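Keep in mind that what you see is a predicted model, and the values were worked out from it rather than measured. In each ligand, atom 1 is the first atom listed, and ligand 1 is the first ligand listed.
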Amino acid sequence: MNGESIRRITRGLRFRLAASYALFFALLLGVIGAVFQRSLSTSLDTSLREVLDQEWGSLKALLRIENGRLYWVHDRQDREETFLVARIQRILFVTDGAGTHLALSGLYRTLGPDPPGQIRDVLATEGTRWSVRETRDGQEYLLRSGVLHSGDESRRPYYVSIGRPLGDSRRIVEQFVQGYLLAAPLLIALVCFLGWLLAGRALLPVVSLAAAAGRISGSNLSLRIPTRGAADELDNLIVTFNGMMERLETSFRQIQQFSADVSHELRTPLTALRGQLEIALMTAPDADALREAIIASLDDVERLTQIVRALLQLAQAETGQVVLQRAPADLTASVRGILEQFELPAEEASVRLEQSLPQECLAEVDRVQFERMLSNLLSNAIKFTPAGGRVRVSLAREGDQIRLEVEDTGCGIPEEALPHIFTRFYRVSSTAVAREKGLGLGLSFVQWIARAHGGHVEVHSRPGAGTRFTVYLPLAAEGDSARSADTVRA
Ligand code: ADP
């Protein structure tokens, strides 16, 4: 393993997670060990003090001091008492405080008599004093000192000190520490290993997510990662990732569809154009016939130009290259102007134009785009309304927005087609629609213009009865983003 791969592993999330587990565990182990060691030595100390307290009680019962001499009053046949006396005598110091030592056992001698200041203090206060002292060779002793009065009339106080070696307690604590220090690295190593396994398991979905993301290409956008059913953050991440893939796939499919539609739309007039020109070239008897063929061809060129121009405008609009020129405008005047332009086509189609407009309707909109939106809706309404029908345009203020309605008594839109009518090149496949010229781009513009103003479009339609498009626009500019989704209803 070279330096680079080691660096890659140590930088990885798995390593860092496992290392955090191990570090946390080591800290916890240290704290637990320290607490346990402290409580162990405290409880050992306490029990040693209890033993010394008991021995002090026995000492008071078994030792008499009379006229500067010690007498042990005990039954020499009682092995237990004899043993107790012998044990007390091993570490015993008795003094009168004036420099006369009544007893100084061999072990106590190795410690040396207690400091005179302490002796004076204990004799003066007649209290109990605990101390830890050490022999020259490092043996520690816990000593309990107090006062005993002589049994003669003088009732003289004597300084008495007994003790116990601390070695056993110290050894127990040391053994615990040694055992603990020996086991801790093993435990930490075990936690490192388990942490590595656990981190690997926990990161498995992330790894498969990364692998899945790596496998994605234009041809397999349908790839989804199954959730684990744990409803945790990782499942949430997977759901979000799948959602993103869903949206990507939809957009990708739309782009593919769009490219196919564009090529189809352009191919039809191009093929017609080519056919006409070829036939004219081969069969036209004279210049007049050639002229006629060229004029006919110009129609197709015009249609091609329209498609390309409309597509370009739509692309510019959708990529934010068209900036709305908003200014206060009287929409009533705008609608009247557009209605006038449509009077002739409506008359030709024998469709009655009706209007319901307020005296004045001021709003901050891009007038050109607003008029274009109304033109598209009106031209559709007239196109898809049979002779004798009626188209009604109404404009009204509703709170802080305006409502523009174009309603017709035409062929209507089938329910299943409603969600698609705003899609580029979409045209309902019916004979009534096929009869009419159209690029299938008009409503895409309507939708873009409404959204760019911060408004939205609603459509209600009943096949055979008519259609109503309602556009809602805010009265004043409030940002260019779409505020709400367009709704379609049958
Ligand atoms: P175009 O009118 O050029 O075909 P549009 O984008 O304006 O394209 O409209 C898309 C389709 O929606 C139309 O082809 C038609 O099928 C349907 N449509 C639009 N407006 C109406 C209407 N007022 N009545 C019935 N169908 C309509």
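- Counting non-hydrogen atoms of neighbouring residues, nucleotides and ligands closer than 6.0 angstrom, the CD atom of Glu134 exceeds 12 such neighbours.
- Distances shorter than 4.0 angstrom occur between a heavy atom of Gly440 and an atom of ligand 1.
- Of the options Asp408, Ile421, Thr423, Val406, the smallest heavy-atom separation from atom 23 (N) of ligand 1 is shown by Asp408.
- Taking every non-hydrogen atom of Tyr426 and a distance limit under 4.0 Å, the qualifying atoms of ligand 1 come out as 10 (C), 11 (C).
- Of the candidates Leu441, Asn380, Leu378, Val391, Asn380 brings a heavy atom nearest to atom 2 (O) of ligand 1.
- Counting heavy atoms closer than 4.0 Å to ligand 1, residue Leu443 contributes atoms from both its backbone and its side chain.
- If you look at Val446 next to ligand 1, there are no close heavy atoms at all, none under 4.0 Å.
- Aromatic pair Phe176/Tyr180: centroids less than 6.0 angstrom apart.
- Within the structure, the closest approach of Asn376 to ligand 1 does not fall below 4.0 Å when heavy atoms are considered.
- Taking the charged nitrogens against the carboxylate oxygens, Glu458 and Arg403 have no contact shorter than 4.0 Å, which rules out a salt bridge.
- In this structure, Phe469 and Phe422 have perpendicular ring planes: the angle between them is above 60°, well past the 30° mark.
- Set against the non-hydrogen atoms of Ile413, the atoms of ligand 1 under 4.0 Å away are 18 (N), 25 (C), 26 (N), 27 (C).
- Looking at atom 4 (O) of ligand 1, its nearest protein heavy atom turns out to be Arg427 NE, 2.6 Å.
- Listed here is the closest heavy atom pair of Thr467 and Ser461: OG1-OG, 3.0 Å.
- The heavy atom nearest to atom 22 (C) of ligand 1, out of those in Phe384, Phe422, Phe445, is found in Phe384.
- Using cut-offs of 30° and 60° on the angle between ring planes, the pair His420 and Tyr426 is tilted.
- Remark: Arg171 engages Asp168 in a salt bridge, criterion side-chain N to carboxylate O under 4.0 Å.
- In this structure, Arg170 does not pair ionically with Glu174, as no charged nitrogen and carboxylate oxygen lie closer than 4.0 Å.
- The backbone and the side chain of Val428 each have at least one atom closer than 4.0 Å to an atom of ligand 1 (non-hydrogen atoms only).
- Heavy atoms of Lys383 approach ligand 1 to within less than 4.0 angstrom.
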